[in-house]
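Note that this is a predicted model, so its numbers are computed, not measured. We're numbering straight along the sequence, starting at 1.
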Amino acid sequence: MMCQLKPPIVFGKKGRKVNKVIFELSNLRGFSGKPVKSDTTANSNRLIFNNGEYEIIIDKSKDYGEISNQLANDGVIN
């Protein structure tokens with residue numbers, strides 16, 4: 001497994017409360033989820049996980065197809 005951290009990387013104080021954490025999942029496979037509206041289109045690009053205390057929202061990049069094809073061409077994914 002490989003991990004790459006890309007700037008900006010921000011470290012905070014342990015125990016500090018936050019409202020939002022933003023991260024990227026580079027090897028997430030394609031999925032159909034809830035609709036997300038962009039400038040001119042709407043796509044089924046959102047997964048929502050909610051346990052009442054926390055909510056995790058994962059949005060597939062609007063450029064997912066291009067990125068996935070490039071990774072396949074580079075031999076990074078099958």
Side-chain angles (χ1 to χ4, degrees):
M1 181 187 312
M2 186 170 139
C3 176
Q4 181 179 26
L5 299 177
K6 297 175 102 176
I9 301 168
V10 179
F11 294 96
K13 293 182 180 179
K14 185 176 181 180
R16 182 176 176 191
K17 293 186 178 188
V18 297
N19 294 324
K20 182 188 282 190
V21 176
I22 298 174
F23 59 94
E24 294 182 13
L25 301 170
S26 60
N27 59 348
L28 186 64
R29 300 292 181 188
F31 61 82
S32 291
K34 295 184 181 259
V36 177
K37 184 179 176 188
S38 63
D39 298 333
T40 58
T41 61
N43 296 298
S44 298
N45 291 348
R46 178 167 287 171
L47 297 177
I48 300 175
F49 302 96
N50 189 323
N51 72 355
E53 186 175 357
Y54 298 102
E55 182 174 61
I56 299 172
I57 300 172
I58 299 176
D59 285 347
K60 184 169 49 175
S61 172
K62 62 182 177 182
D63 301 326
Y64 175 80
E66 293 174 32
I67 294 168
S68 182
N69 288 337
Q70 186 61 50
L71 289 171
N73 289 339
D74 293 345
V76 177
I77 61 172
N78 306 5

Any side-chain heavy-atom pair of Leu47 and Phe31 under 4.5 Å: yes
Approximate separation, where rounding is to 0.5 Å, of Ile57 CD1 and Lys20 NZ: 8.5 Å
Sequence neighbours excluded, every pair satisfying salt bridge (charged side-chain N to carboxylate O under 4.0 Å, His left out) that has a member inside residues 41-59: Arg46-Asp59
Contacts of type side-chain contact (heavy atoms from CB on, under 4.5 Å), residue Asn69, not counting sequence neighbours: none
By side-chain contact (heavy atoms from CB on, under 4.5 Å) - contacts of Ile56 (at least two apart): Phe49, Ile58
Shortest non-hydrogen separation from Ser61 to Asn45 and the atoms involved: O-ND2, 4.3 Å
side-chain contact (heavy atoms from CB on, under 4.5 Å) partners of Thr41, counting only residues at least two apart: Ser38, Asn43
With Asn51 via side-chain hydrogen bond (donor to acceptor under 3.5 Å, both in side chains) - residues at least two apart: none
Val18: side-chain contact (heavy atoms from CB on, under 4.5 Å) partners, not counting sequence neighbours: Val21
